[in-house]
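The structure appears below as structure tokens.
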Amino acid sequence: TRPHRNSRGCVIVASAQTLHEVSRRSKIVLVLVSLIGLVMFFQFSAPTIADSDTFFYIRRAWQYRTEGIFNTAFPWTYYSSIRLFSASLWYGFGIFLIPFTFLSSLALGAKIAGAVLGWMVLVAFLSITIRYRMKWAFLWPLLLFFLAPNITYRFLMARPQLLSLAAALILFSYLISSDPEKEQEGRVIPGRIWKRYGIIFLSSFAIAWFHLNFVWVPFMLLGAVIIGNIFAKISFDWKSCGAMLGGVIAGWMLRPDPLNALKLFYIQVVQQIAEKQGGLPLLFGAENFPLTFKILFQNFTPFLLLWTVSIGIAVYAIAQKKVKRDTPLMRLLAASSLISLVCFVLTMFVARRAYDLWGLFGVLTIGAVFTEIIPSLKSVFYTNLSKWMIIGVSVFLVLYSGGRTLKSFENASSPDRMKEVALWMRDHSNEEDIVFNLNWSHFSPLFFWNQKNYYTGGLDPIFQYAYN
């Protein structure tokens, strides 16, 4: 205990544990503030918009605010399945963005929303590293942010997958354990079990509601966690499976016209993959194609090195029976390793957009190995080597990914992109005239500035192809 006097001169005795907890919470607050400062710095390093689809999302949120949140009819992509089915895959995201439409300009709202979204993912990631008592818990969100220029840039996009990724991290954390620290000590508090089910339900709901295209992610996480429990030779709490399934169904159903939204999910996820893999010559976005080995080695080599070495060390330690398998962190390691391996394969052979998940769970794998596996080797050499490798790679990535991202962001979309032509068409056409836009990617900025006209298609070429 440590005595001190309050403002009235009375002697107060505070336990060392209390002081430690206050210090720990102060550090967490400082890290949270630092993370939002980091994302805001990159977001406002240039006046540009990171992704052109952001023009659509923020304008659509404005429409929900001004025309009603249940109006999901969308005739603006006229020759498209989106108009035909009058449903939204991103309904929850549009509702989430509504507060940002009250700012002085929608472009400013979009940039602040992008910063908040990136911050939310980092906070969700930080919550896992703290809950599972990882060493250097505050470092891993930083490593995640600067993992590669591709990843850093995606943290600046005001797109719905960032919300789903944050929710996926929380779901993953609670699918493994309701309270890792208490479980490690052999104590389980019944009330926290029900809290766990509630968090699993809400996070599953959020994944599906904000971005229905991510509805498959909870099932992937669940499968990996079950395999992790099998690896640890402990039983799985199947009630959490029911909570997850209920959340996914609620997230899908609680939107206008959920059946038609499911049809759009089939078109953009299942049909698109089938058509793309079959060689259909549509102008798919780059994120829908596999990552090339050139970009892999150019941008992801430091992370790839840490990740593969970490998995190799983990396999060796487990084979040599140097660690217990049944701890919460070991189950997290088993599940996150499996997820990162699956998403790496998807990144290289299906669509590079999967590198978001590869990065998230890959960094979790590295952190778990550094915390649980390296100490079990009982080698000062390996401990020091791993520390300096992580520090060296982190410093390099801050400079490399940070510099590349700042340069790329300068060349992103101007807030006034296509403003002049959109306003000219608005002033020189009739209501609901259809604009023949050759490239689907031009739709979002055109729609942002001009809702008087309709357009042949937009958002994704597969919607236009599926229509006819």
Side-chain angles (χ1 to χ4, degrees), residues 53-98 159-161 163-164 167-168 201 204-220 244-276 280 282 284-285 287-288 351 353 432 434-435 437 440-441 443-444 446-448 451 453-468:
D53 280 350
T54 299
F55 290 103
F56 160 74
Y57 292 125
I58 195 69
R59 177 59 73 182
R60 191 63 178 139
W62 176 85
Q63 287 183 324
Y64 283 146
R65 175 170 71 85
T66 57
E67 300 173 13
I69 62 173
F70 298 108
N71 181 18
T72 56
F74 199 77
W76 287 274
T77 50
Y78 198 80
Y79 299 107
S80 166
S81 300
I82 295 178
R83 179 185 71 85
L84 188 65
F85 293 128
S86 296
S88 175
L89 291 166
W90 320 280
Y91 180 70
F93 185 60
I95 304 302
F96 171 85
L97 287 179
I98 286 177
R159 296 184 67 178
Q161 60 260 40
L163 276 176
S164 292
F201 175 87
S204 302
F205 169 85
I207 292 171
W209 194 62
F210 288 126
H211 195 192
L212 191 60
N213 284 0
F214 271 55
V215 74
W216 57 274
V217 170
F219 297 97
M220 178 184 69
M244 187 213 78
L245 184 61
V248 168
I249 293 174
W252 162 48
M253 292 294 294
L254 292 180
R255 70 183 66 230
D257 211 340
L259 291 178
N260 278 343
L262 196 61
K263 294 176 183 177
L264 291 178
F265 165 81
Y266 172 82
I267 291 171
Q268 194 175 28
V269 177
V270 180
Q271 184 178 354
Q272 183 186 76
I273 291 175
E275 299 287 4
K276 177 173 62 69
L280 184 70
L282 290 181
F284 294 111
E287 65 179 14
N288 293 304
R353 65 170 63 186
E432 300 181 4
I434 300 173
V435 175
N437 55 311
W440 62 271
S441 66
F443 165 76
S444 291
L446 288 172
F447 167 71
F448 177 83
Q451 303 93 54
N453 295 139
Y454 295 160
Y455 304 87
T456 52
L459 300 177
D460 197 310
I462 195 64
F463 292 126
Q464 197 169 347
Y465 180 79
Y467 176 84
N468 189 321

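For the numbers below, each heavy atom of this structure counts, side chains included, while hydrogens, waters and symmetry mates do not. Not measured: the values here are computed from a predicted model. Numbering starts at 1 and runs along the sequence shown.
Among pairs with a residue in residues 77-89, those fulfilling side chain to side chain donor-acceptor pair (under 3.5 Å) read R83-Y467, at least two apart in sequence or across chains. Among residues at least two apart or in separate chains, side chain to side chain donor-acceptor pair (under 3.5 Å) pairs with a member in residues 252-272 are N213-Q268, D257-N260, N260-K263, Q268-D460, Q272-D460.
Contacts of F205 classified as side chain to side chain contact (heavy atoms under 4.5 Å, CB included), with partners at least two apart in sequence or in another chain: W209, A250, L254. Residues forming a side chain to side chain contact (heavy atoms under 4.5 Å, CB included) with Q451 (at least two apart in sequence, or on another chain): R59, W62, Q63, W76, F447. Here L282 pairs with L280, F284, P461, I462, Y465 under the side chain to side chain contact (heavy atoms under 4.5 Å, CB included) rule; sequence neighbours left out. Partners of F210 under the ring-ring contact (aromatic ring centres under 6.0 Å, His included) rule, at least two apart in sequence or in another chain, do not exist in this structure. F85 meets the ring-ring contact (aromatic ring centres under 6.0 Å, His included) test with no other residue; sequence neighbours excluded. Not counting sequence neighbours, E432 has no partner by the salt bridge (Lys or Arg N to Asp or Glu O under 4.0 Å) test. Partners of V435 according to the side chain to side chain contact (heavy atoms under 4.5 Å, CB included) rule, which considers only residues two or more places apart in sequence or in another chain, are M425, N453, Y455.
Ring planes of F448 and F55: perpendicular class, angle over 60° (limits at 30 and 60°).
A heavy-atom distance below 4.5 Å is not found between the side chains of H211 and L163.
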Q: Report the C-alpha separation of F74 and F56 in whole Å, then their side-chain angles, then the decisive distance to 0.1 Å, and conclude whether the ring pair (Phe, Tyr, Trp, His ring centres under 6.0 Å) test is met.
A: CA-CA 12 Å; F74 199 77; F56 160 74; 5.6 Å; yes
